[in-house]
Number of protein chains: 2
Amino acid sequence: MPPATDETLARLEGLGHRATGSRRAVLDAISLKHAPFTVEDICEAAPGVGRATVFRTMKLLQDLELVCRLPLGDGGVRYEVSRSEHHHHLICSRCGAVTEFSDPELDALIVTNARREAFRLDSHSLELYGLCAACSAAPNALRNP
Amino acid sequence: MPPATDETLARLEGLGHRATGSRRAVLDAISLKHAPFTVEDICEAAPGVGRATVFRTMKLLQDLELVCRLPLGDGGVRYEVSRSEHHHHLICSRCGAVTEFSDPELDALIVTNARREAFRLDSHSLELYGLCAACSAAPNALRNP
DNA sequence: CTACATGCAAATTGTTTGCATAGTT
DNA sequence: AACTATGCAAACAATTTGCATGTAG
(Lines give C-alpha, C1' and ligand atoms only; values in the text may rest on other atoms or scores of the structure.)
Protein backbone atom coordinates (compact mmCIF):
# COMPACT_ATOMS: atom_id res chain seq x y z
CA MET A 1 0.00 0.00 0.00
CA PRO A 2 1.84 3.12 -1.25
CA PRO A 3 1.37 6.41 0.63
CA ALA A 4 -1.55 7.03 -1.66
CA THR A 5 -1.50 10.51 -0.24
CA ASP A 6 -0.70 12.22 -3.51
CA GLU A 7 -3.44 10.51 -5.40
CA THR A 8 -5.84 11.25 -2.60
CA LEU A 9 -4.87 14.89 -2.38
CA ALA A 10 -5.47 15.23 -6.08
CA ARG A 11 -8.89 13.78 -5.62
CA LEU A 12 -9.61 16.20 -2.80
CA GLU A 13 -8.61 19.16 -4.90
CA GLY A 14 -10.64 17.94 -7.81
CA LEU A 15 -13.67 18.23 -5.56
CA GLY A 16 -12.90 21.75 -4.45
CA HIS A 17 -11.21 20.92 -1.17
CA ARG A 18 -7.78 22.16 -0.28
CA ALA A 19 -4.64 20.15 0.10
CA THR A 20 -3.56 21.50 3.43
CA GLY A 21 -0.74 20.51 5.70
CA SER A 22 -3.06 19.05 8.30
CA ARG A 23 -4.86 16.89 5.79
CA ARG A 24 -1.55 15.78 4.39
CA ALA A 25 -0.43 14.79 7.87
CA VAL A 26 -3.62 12.89 8.58
CA LEU A 27 -3.51 11.12 5.25
CA ASP A 28 0.11 10.16 5.78
CA ALA A 29 -0.74 8.77 9.18
CA ILE A 30 -3.64 6.82 7.78
CA SER A 31 -1.67 5.42 4.93
CA LEU A 32 0.74 3.89 7.40
CA LYS A 33 -1.99 2.05 9.23
CA HIS A 34 -2.24 -1.57 8.31
CA ALA A 35 -5.31 -2.25 10.43
CA PRO A 36 -8.43 -0.35 11.44
CA PHE A 37 -7.47 2.61 13.61
CA THR A 38 -9.02 5.02 16.07
CA VAL A 39 -9.16 8.80 15.97
CA GLU A 40 -6.80 8.70 18.91
CA ASP A 41 -4.28 6.70 16.87
CA ILE A 42 -4.26 9.43 14.27
CA CYS A 43 -3.94 12.20 16.83
CA GLU A 44 -0.85 10.47 18.17
CA ALA A 45 0.58 9.77 14.74
CA ALA A 46 -0.01 13.34 13.62
CA PRO A 47 0.92 15.53 16.56
CA GLY A 48 0.32 19.18 15.93
CA VAL A 49 -2.95 18.49 14.22
CA GLY A 50 -5.87 19.37 16.43
CA ARG A 51 -8.35 16.73 17.45
CA ALA A 52 -11.20 18.68 15.89
CA THR A 53 -9.39 18.73 12.60
CA VAL A 54 -8.82 15.02 12.74
CA PHE A 55 -12.53 14.49 13.27
CA ARG A 56 -13.36 16.91 10.48
CA THR A 57 -10.93 15.22 8.17
CA MET A 58 -12.28 11.79 8.96
CA LYS A 59 -15.76 12.97 8.15
CA LEU A 60 -14.55 14.46 4.91
CA LEU A 61 -12.81 11.24 3.98
CA GLN A 62 -15.94 9.32 4.78
CA ASP A 63 -17.94 11.54 2.51
CA LEU A 64 -15.42 10.90 -0.22
CA GLU A 65 -15.65 7.21 0.60
CA LEU A 66 -11.94 6.99 1.11
CA VAL A 67 -12.39 5.75 4.61
CA CYS A 68 -15.20 4.04 6.42
CA ARG A 69 -16.44 4.02 9.95
CA LEU A 70 -16.44 0.72 11.78
CA PRO A 71 -18.55 0.63 14.96
CA LEU A 72 -17.42 -2.22 17.15
CA GLY A 73 -19.60 -4.28 19.41
CA ASP A 74 -18.09 -2.84 22.58
CA GLY A 75 -19.16 0.67 21.62
CA GLY A 76 -15.78 1.77 20.32
CA VAL A 77 -15.34 3.16 16.83
CA ARG A 78 -12.55 2.57 14.37
CA TYR A 79 -11.95 3.65 10.83
CA GLU A 80 -10.37 1.86 7.97
CA VAL A 81 -9.17 2.68 4.54
CA SER A 82 -11.82 1.80 2.01
CA ARG A 83 -10.57 -0.86 -0.25
CA SER A 84 -12.32 -1.70 -3.40
CA GLU A 85 -12.85 -5.27 -2.33
CA HIS A 86 -15.68 -5.80 0.02
CA HIS A 87 -14.74 -7.57 3.22
CA HIS A 88 -15.76 -8.42 6.75
CA HIS A 89 -14.07 -8.33 10.12
CA LEU A 90 -12.65 -10.70 12.66
CA ILE A 91 -12.39 -8.91 15.97
CA CYS A 92 -10.37 -10.41 18.77
CA SER A 93 -11.99 -9.96 22.15
CA ARG A 94 -8.68 -10.47 23.92
CA CYS A 95 -6.14 -8.35 22.06
CA GLY A 96 -8.47 -6.12 20.11
CA ALA A 97 -6.90 -6.93 16.76
CA VAL A 98 -9.17 -6.43 13.79
CA THR A 99 -8.43 -8.45 10.69
CA GLU A 100 -10.33 -8.98 7.52
CA PHE A 101 -11.68 -11.69 5.33
CA SER A 102 -13.97 -11.84 2.38
CA ASP A 103 -16.15 -14.45 0.79
CA PRO A 104 -18.17 -13.85 -2.34
CA GLU A 105 -20.41 -16.76 -1.54
CA LEU A 106 -21.30 -15.12 1.75
CA ASP A 107 -22.05 -11.82 0.06
CA ALA A 108 -24.25 -13.52 -2.46
CA LEU A 109 -26.21 -15.16 0.30
CA ILE A 110 -26.68 -11.81 1.98
CA VAL A 111 -28.08 -10.32 -1.19
CA THR A 112 -30.44 -13.24 -1.47
CA ASN A 113 -31.70 -12.69 2.05
CA ALA A 114 -32.28 -9.00 1.50
CA ARG A 115 -34.24 -9.75 -1.62
CA ARG A 116 -36.33 -12.31 0.21
CA GLU A 117 -37.35 -9.58 2.65
CA ALA A 118 -38.03 -7.07 -0.10
CA PHE A 119 -35.31 -4.92 1.37
CA ARG A 120 -33.41 -2.60 -0.95
CA LEU A 121 -29.86 -3.32 0.14
CA ASP A 122 -27.31 -0.53 0.11
CA SER A 123 -24.56 -1.96 2.23
CA HIS A 124 -23.94 -4.39 5.01
CA SER A 125 -21.50 -5.12 7.74
CA LEU A 126 -20.50 -8.38 9.28
CA GLU A 127 -18.30 -8.71 12.33
CA LEU A 128 -17.14 -11.89 13.94
CA TYR A 129 -16.13 -11.79 17.59
CA GLY A 130 -13.92 -14.29 19.33
CA LEU A 131 -10.25 -15.03 19.73
CA CYS A 132 -7.74 -14.52 16.96
CA ALA A 133 -5.40 -17.38 16.15
CA ALA A 134 -2.57 -15.88 18.20
CA CYS A 135 -4.68 -15.30 21.29
CA SER A 136 -6.37 -18.64 21.28
CA ALA A 137 -2.90 -20.19 21.09
CA ALA A 138 -1.28 -17.97 23.75
CA PRO A 139 -3.85 -17.52 26.51
CA ASN A 140 -1.77 -14.97 28.41
CA ALA A 141 -0.79 -12.36 25.91
CA LEU A 142 -1.40 -8.74 26.83
CA ARG A 143 -4.21 -6.71 25.41
CA ASN A 144 -2.92 -4.42 22.70
CA PRO A 145 -3.96 -3.91 19.08
CA MET B 1 -44.43 -12.38 24.04
CA PRO B 2 -45.76 -12.42 27.64
CA PRO B 3 -44.48 -9.80 30.12
CA ALA B 4 -41.73 -12.27 30.89
CA THR B 5 -40.97 -10.05 33.81
CA ASP B 6 -41.77 -12.62 36.45
CA GLU B 7 -39.62 -15.25 34.90
CA THR B 8 -36.85 -12.74 34.48
CA LEU B 9 -37.09 -11.48 38.03
CA ALA B 10 -36.83 -15.05 39.25
CA ARG B 11 -33.71 -15.46 37.21
CA LEU B 12 -32.26 -12.27 38.64
CA GLU B 13 -32.88 -13.41 42.17
CA GLY B 14 -31.45 -16.80 41.46
CA LEU B 15 -28.19 -15.06 40.68
CA GLY B 16 -28.18 -13.00 43.84
CA HIS B 17 -29.59 -9.81 42.43
CA ARG B 18 -32.59 -8.09 43.90
CA ALA B 19 -36.01 -7.74 42.37
CA THR B 20 -36.44 -4.05 42.96
CA GLY B 21 -39.16 -1.70 41.84
CA SER B 22 -36.91 0.04 39.37
CA ARG B 23 -35.83 -3.16 37.74
CA ARG B 24 -39.40 -4.30 37.57
CA ALA B 25 -40.34 -1.05 35.84
CA VAL B 26 -37.52 -1.33 33.34
CA LEU B 27 -38.32 -4.94 32.60
CA ASP B 28 -41.98 -4.12 32.09
CA ALA B 29 -41.05 -1.36 29.71
CA ILE B 30 -38.74 -3.63 27.79
CA SER B 31 -41.24 -6.42 27.54
CA LEU B 32 -43.62 -4.07 25.76
CA LYS B 33 -41.09 -3.22 23.09
CA HIS B 34 -41.60 -5.06 19.87
CA ALA B 35 -38.52 -3.68 18.16
CA PRO B 36 -35.01 -2.68 19.21
CA PHE B 37 -35.16 0.29 21.56
CA THR B 38 -32.95 3.01 22.95
CA VAL B 39 -32.13 3.84 26.54
CA GLU B 40 -34.14 6.99 26.01
CA ASP B 41 -37.17 4.93 25.08
CA ILE B 42 -36.96 3.14 28.38
CA CYS B 43 -36.49 6.32 30.35
CA GLU B 44 -39.68 7.65 28.82
CA ALA B 45 -41.57 4.43 29.34
CA ALA B 46 -40.43 4.14 32.93
CA PRO B 47 -40.62 7.65 34.34
CA GLY B 48 -39.42 7.88 37.90
CA VAL B 49 -36.52 5.58 37.22
CA GLY B 50 -33.25 7.47 37.01
CA ARG B 51 -31.25 7.40 33.81
CA ALA B 52 -28.26 5.99 35.64
CA THR B 53 -30.35 3.12 36.89
CA VAL B 54 -31.62 2.41 33.43
CA PHE B 55 -28.04 2.23 32.20
CA ARG B 56 -27.06 0.04 35.13
CA THR B 57 -30.01 -2.23 34.54
CA MET B 58 -29.25 -2.54 30.85
CA LYS B 59 -25.73 -3.55 31.66
CA LEU B 60 -26.96 -6.09 34.15
CA LEU B 61 -29.37 -7.53 31.62
CA GLN B 62 -26.60 -7.71 29.10
CA ASP B 63 -24.45 -9.65 31.52
CA LEU B 64 -27.33 -12.03 32.04
CA GLU B 65 -27.72 -12.21 28.28
CA LEU B 66 -31.34 -11.21 28.51
CA VAL B 67 -30.76 -8.25 26.28
CA CYS B 68 -28.13 -7.39 23.74
CA ARG B 69 -26.54 -4.21 22.54
CA LEU B 70 -26.94 -3.32 18.92
CA PRO B 71 -24.56 -0.62 17.66
CA LEU B 72 -25.97 0.91 14.50
CA GLY B 73 -23.93 2.19 11.61
CA ASP B 74 -24.78 5.82 12.30
CA GLY B 75 -23.24 5.66 15.76
CA GLY B 76 -26.51 5.20 17.61
CA VAL B 77 -27.06 2.31 19.99
CA ARG B 78 -30.14 0.24 20.53
CA TYR B 79 -30.90 -2.77 22.64
CA GLU B 80 -33.06 -5.74 21.96
CA VAL B 81 -34.46 -8.63 23.88
CA SER B 82 -32.32 -11.67 23.36
CA ARG B 83 -34.26 -14.33 21.65
CA SER B 84 -33.05 -17.84 21.55
CA GLU B 85 -32.94 -17.92 17.80
CA HIS B 86 -29.95 -16.29 16.29
CA HIS B 87 -30.79 -13.56 13.81
CA HIS B 88 -29.52 -10.60 11.86
CA HIS B 89 -30.80 -7.10 11.17
CA LEU B 90 -32.26 -5.11 8.36
CA ILE B 91 -31.89 -1.44 9.15
CA CYS B 92 -33.78 1.11 7.15
CA SER B 93 -31.75 4.22 6.44
CA ARG B 94 -34.87 6.26 5.85
CA CYS B 95 -37.27 5.43 8.67
CA GLY B 96 -34.87 3.81 11.11
CA ALA B 97 -36.90 0.64 11.44
CA VAL B 98 -34.94 -2.39 12.50
CA THR B 99 -36.29 -5.77 11.53
CA GLU B 100 -34.86 -9.22 11.71
CA PHE B 101 -34.17 -12.23 9.60
CA SER B 102 -32.28 -15.43 10.03
CA ASP B 103 -30.70 -17.95 7.75
CA PRO B 104 -28.98 -21.11 8.98
CA GLU B 105 -27.12 -21.44 5.73
CA LEU B 106 -25.64 -18.00 6.25
CA ASP B 107 -24.60 -18.85 9.79
CA ALA B 108 -22.98 -22.04 8.63
CA LEU B 109 -20.98 -20.14 6.06
CA ILE B 110 -19.84 -17.73 8.73
CA VAL B 111 -18.58 -20.56 10.89
CA THR B 112 -16.72 -21.95 7.92
CA ASN B 113 -15.02 -18.64 7.30
CA ALA B 114 -13.96 -18.27 10.91
CA ARG B 115 -12.48 -21.74 10.85
CA ARG B 116 -10.62 -20.97 7.66
CA GLU B 117 -8.95 -18.07 9.45
CA ALA B 118 -8.19 -20.13 12.55
CA PHE B 119 -10.41 -17.76 14.49
CA ARG B 120 -12.20 -19.06 17.56
CA LEU B 121 -15.65 -17.70 16.96
CA ASP B 122 -17.76 -16.61 19.92
CA SER B 123 -20.43 -14.54 18.26
CA HIS B 124 -21.07 -12.44 15.23
CA SER B 125 -23.29 -9.66 14.04
CA LEU B 126 -24.58 -8.88 10.62
CA GLU B 127 -26.44 -5.73 9.70
CA LEU B 128 -27.89 -4.89 6.35
CA TYR B 129 -28.46 -1.22 5.54
CA GLY B 130 -30.79 0.12 2.92
CA LEU B 131 -34.49 0.82 2.50
CA CYS B 132 -37.17 -1.32 4.05
CA ALA B 133 -39.98 -2.50 1.82
CA ALA B 134 -42.32 0.27 2.99
CA CYS B 135 -39.83 3.06 2.44
CA SER B 136 -38.67 1.93 -0.94
CA ALA B 137 -42.32 1.82 -1.97
CA ALA B 138 -43.32 5.17 -0.41
CA PRO B 139 -40.44 7.57 -1.03
CA ASN B 140 -41.91 10.32 1.12
CA ALA B 141 -42.76 8.74 4.43
CA LEU B 142 -41.53 10.47 7.56
CA ARG B 143 -38.62 9.28 9.58
CA ASN B 144 -39.82 7.44 12.65
CA PRO B 145 -39.06 3.97 14.03
C1' DC C 1 -30.27 -5.44 60.19
C1' DT C 2 -27.08 -5.61 56.40
C1' DA C 3 -25.92 -5.43 51.91
C1' DC C 4 -27.21 -4.13 47.72
C1' DA C 5 -29.72 -0.70 44.76
C1' DT C 6 -31.16 4.00 43.65
C1' DG C 7 -31.18 8.84 42.62
C1' DC C 8 -28.87 12.84 41.90
C1' DA C 9 -25.26 15.41 40.51
C1' DA C 10 -20.63 15.62 39.28
C1' DA C 11 -17.19 13.44 36.41
C1' DT C 12 -15.81 11.18 32.04
C1' DT C 13 -15.37 10.25 27.30
C1' DG C 14 -16.21 11.06 22.56
C1' DT C 15 -17.56 14.34 19.19
C1' DT C 16 -19.23 18.84 17.41
C1' DT C 17 -19.26 23.82 16.96
C1' DG C 18 -18.17 29.06 17.26
C1' DC C 19 -14.87 32.14 16.20
C1' DA C 20 -10.63 34.64 15.36
C1' DT C 21 -6.50 33.52 12.88
C1' DA C 22 -3.48 31.14 9.60
C1' DG C 23 -3.03 29.01 5.13
C1' DT C 24 -4.25 27.84 0.08
C1' DT C 25 -5.17 28.98 -4.32
C1' DA D 1 -7.52 39.13 -2.14
C1' DA D 2 -11.08 35.72 -1.37
C1' DC D 3 -12.30 32.03 0.77
C1' DT D 4 -11.39 27.72 3.19
C1' DA D 5 -9.30 25.22 6.95
C1' DT D 6 -7.31 25.14 11.52
C1' DG D 7 -6.72 25.39 16.44
C1' DC D 8 -8.53 26.18 20.70
C1' DA D 9 -11.88 26.25 23.89
C1' DA D 10 -16.56 25.98 24.91
C1' DA D 11 -20.65 23.30 23.97
C1' DC D 12 -22.80 18.84 23.72
C1' DA D 13 -24.33 14.15 24.12
C1' DA D 14 -23.89 9.73 25.93
C1' DT D 15 -22.48 7.03 29.66
C1' DT D 16 -20.17 6.30 34.23
C1' DT D 17 -19.23 7.02 39.02
C1' DG D 18 -19.24 8.84 44.04
C1' DC D 19 -21.98 9.15 47.72
C1' DA D 20 -25.75 9.66 51.01
C1' DT D 21 -30.20 7.54 51.39
C1' DG D 22 -33.75 4.04 50.51
C1' DT D 23 -35.17 -0.72 50.51
C1' DA D 24 -35.34 -5.87 49.56
C1' DG D 25 -34.38 -10.12 51.77
Query raised in the report: How would you label the contact of V39(B) with the nucleic acid (heavy atoms, under 4.0 Å): base, sugar-phosphate, or nothing?
Result: nothing

Query raised in the report: With a non-hydrogen cut-off below 4.0 angstrom, is G76(A) in contact with a base, only sugar-phosphate, or nothing?
Result: nothing

Distance in angstrom units between [X] [atom1] and [N] [atom2], rounded:
| X | N | atom1 | atom2 | result |
| --- | --- | --- | --- | --- |
| F55(A) | dA13(D) | CZ | C1' | 13 Å |
| D74(B) | dT16(C) | CG | P | 12 Å |
| Y79(A) | dG14(C) | OH | P | 12 Å |
| L12(A) | dG23(C) | CG | P | 19 Å |
| D41(A) | dG14(C) | CG | C1' | 14 Å |
| R51(A) | dT16(C) | CZ | C1' | 13 Å |
| E13(A) | dG23(C) | CD | P | 17 Å |
| L61(A) | dA5(D) | CG | P | 12 Å |

**Report entry** Within 6.0 angstrom of E40(B) CD, more than 12 heavy atoms from elsewhere
**Finding:** yes

Query raised in the report: In terms of heavy-atom contacts, does CZ of R115(A) have more than 12 from other residues, nucleotides or ligands at under 6.0 Å?
Result: no

Report yes or no: do [X] and [Y] belong to one cluster of Ile/Leu/Val/Met/Phe/Trp/Tyr joined by side chain heavy-atom distances under 4.5 Å?
| X | Y | value |
| --- | --- | --- |
| L126(B) | I91(B) | no |
| I42(B) | V67(B) | yes |
| V49(B) | F37(B) | yes |

Report summary line: The ring-ring contact (aromatic ring centres under 6.0 Å, His included) partner of F101(A) among H86(A), H88(A), H87(A) is H88(A)

Query raised in the report: Does any residue of residues 17-26 of chain A have a heavy atom under 4.0 Å from DNA chain D, and if so, which ones, in number order?
Result: H17(A), R18(A), T20(A), S22(A), R23(A)

**Report entry** Contact under 4.0 Å: K59(B) side-chain N or O vs dT15(D) OP1/OP2
**Finding:** no

Report task. Using the closest heavy atom to pick a nucleotide of DNA chain D for each, name whichever of L60(A) or R69(B) lands nearer the 5' end. Result -> L60(A)

**Report entry** Pair T38(B), D41(B): side-chain N/O donor-acceptor within cut-off below 3.5 Å
**Finding:** yes

